[in-house]
Amino acid sequence: MDDQPRLMHAHAAVGMSGHPGLSQHIPDNTGATDGDGRKQDIGDILQQIMTITDQSLDEAQARKHALNCHRMKPALFNVLCDVKEKTVLSIRGAQEEESPDAQLMRLDNMLLAEGVSGPEKGGGSAAAAAAAAASAGVGADNSTEHSDYRAKLTQIRQIYHTELEKYEQACNEFTTHVMNLLREQSRTRPISPKEIERMVNIIHRKFSSIQMQLKQSTCEAVMILRSRFLDARRKRRNFNKQATEILNEYFYSHLSNPYPSEEAKEELAKKCSITMSQVSNWFGNKRIRYKKNIGKFQEEANIYAARTAVSAASVSAHGSQTNSPSTPNSAGGYPSPCYQPDRRIQ
DNA sequence: CCACATGATTGCGT
DNA sequence: ACGCAATCATGTGG
């Protein structure tokens with residue numbers, strides 16, 4: 001009769017579906033220590049379980065048969081039923097933990113927004129492009145920089161999907177395996193479908209916590225990528241000569257009030273092939289730097305003053321003209337040093 | 001490599 | 001929302 005207890009032990013590892021300890025049994029089998037066991041490769045665990053069952057298969061089969069045929073078997077079954085009833089009752093409620101997947105939702109949303117998760121190539125790259133455009137605000141800029149970014153993003157995306165698939169597959173395999181075992185054992189001891197379902201839920205929770213880690217690190221990777229590639233400061237390019245000339249021309253010909261209106265900015269942006277905020281930035285920088293050191297900009301001021309004088313002269317056939325560095329424009333007699341703290345700068 | 005130029009960002013005041 | 005001032009991070013010429 002000491003045969004039966006041993007038989008039960010042979011299956012105990014996976015069989016105690018009604019017990020809360022099951023989740024702990026898995027890492028225990030691997031020999032890993034508590035919390036860290038979870039992180040261990042699922043493949044290892046699967047492998048070990050497989051090995052265990054394979055090794056003892058014949059023997060177990062024989063013993064199972066012996067047990068099933070034993071005259072005391074119905075009695076044992078009843079006893080197990082009683083025990084189960086008690087334990088299940090005491091367990092109920094304790095097991096009901098609402099998993100707080102608010103964070104998981106956030107991660108999912110972010111991955112979706114970044115185009116990492118979500119539909120394959122089509123929608124994904126579109127979402128990525130949209131996200132990139134939205135965050136960078138660089139409309140008609142060269143897209144060569146984005147392609148590099150996109151390539152890296154695709155790489156992350158691929159790794160993410162591969163890993164995710166791997167985990168999902170492992171989860172399914174494991175679930176199937178456990179379910180088979182439980183079904184098998186339900187012949188020997190009482191296991192309700194509900195319990196199997198709960199087992200499956202437990203397994204899924206375990207796996208989804210692993211998935212969450214994967215998602216977390218993917219999010220981090222994307223963030224780093226973004227900060228490296230989309231931070232315009234890191235990818236600063238000087239404006240081309242023509243753009244700078246156009247901007248300087250406007251600046252020096254409106255020196256008494258170098259604050260382009262919305263429309264003026266728009267036009268300058270168009271002419272220079274830059275964005276309006278870049279125009280604003282440029283004027284902001286220019287005003288402050290000019291004010292800080294007027295002397296340094298005098299030469300530049302004279303050049304542009306002369307230029308506008310010439311063009312003004314050519315327009316008005318020939319007016320008074322010929323005085324180059326001094327005067328074309330708006331009454332605020334300005335050669336550079338005279339830049340007046342007009343309306344704003346003070 | 002260094003110093004300076006330059007576009008972008010941030011913090012603050014209005 | 002906008003501008004100023006300070007600051008960052010890169011670009012560029014010597």
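Throughout, protein chains are lettered first and strands after them, A, B, ... in sequence-line order, and every chain is numbered starting at 1. These numbers come from the heavy atoms of this one structure, side chains and all, not from hydrogens, waters or symmetry mates.
Counting only heavy atoms from C-beta on, A:Arg287 has its side chain closest to C:dC4 among C:dG11, B:dG7, C:dC4. Listed nucleotides B:dA8, B:dG7, C:dC4 differ in distance to A:Asn281; the shortest reach to its side chain belongs to B:dA8. Proximity note for A:Asn238 (side chain, C-beta onward) versus C:dT12, C:dC4, C:dC8: the nearest is C:dT12. The side chain of A:Gln278 lies closest to B:dG7 when the candidates are C:dG3, B:dG7, B:dT9.
Heavy atoms of A:Phe283 sit nowhere under 4.0 angstrom from any nucleic acid atom. As judged by a 4.0 angstrom heavy-atom cut-off over every strand, A:Lys286 is placed among residues making no nucleic acid contact.
The pair A:Lys166-A:Glu163 meets the salt-bridge criterion, since a charged nitrogen lies less than 4.0 angstrom from a carboxylate oxygen. The existence of a salt bridge linking A:Glu300 and A:Lys286 is confirmed by a sub-4.0 Å separation between a basic side-chain nitrogen and an acidic carboxylate oxygen.
Atom CG in A:Leu247 sits about 18 Å away from atom P in B:dA5, given to the nearest Å. At whole-Å resolution of the value, CG in A:Asn293 and C1' in B:dT6 are 15 Å apart. Taking atom NZ of residue A:Lys291 and atom P of nucleotide C:dC4, one finds them 7 Å apart after rounding to whole Å. Rounded to whole Å, atom P of C:dC4 lies 13 Å from atom CH2 of A:Trp282. Counting to the nearest Å, the P atom of B:dC4 and the CD atom of A:Glu300 are 18 Å from each other. Atom CG of A:Asn240 and atom C1' of B:dA5 are 16 Å apart (whole Å). As a whole-Å value, the separation of A:Arg236 CZ from B:dT9 P is 12 Å. Rounded to a whole Å, the CD1 atom of A:Ile288 is 12 Å from the P atom of C:dT7.
Looking only at side-chain heavy atoms (C-beta outward), A:Met199 and A:Met179 stay at 4.5 Å or farther from each other.
Distances shown here put a side-chain N or O of A:Lys292 below 4.0 Å from the OP1 or OP2 atom of C:dA6. Taking side-chain N and O atoms only, A:Tyr259 has a distance below 4.0 Å to OP1 or OP2 of C:dC4. Distances shown here put every side-chain N or O of A:Arg289 at or beyond 4.0 Å from the OP1 or OP2 atom of B:dA5.
Classification of the A:Phe251-A:Trp282 ring pair by plane angle, with boundaries at 30° and 60°, yields perpendicular. Between A:Tyr290 and A:Tyr252, the ring planes lie perpendicular to each other; the angle is over 60°, past the 30° to 60° tilted range.
At a cut-off of 3.5 angstrom, the base of B:dA8 holds at least one donor-acceptor pair with the side chain of A:Asn285.
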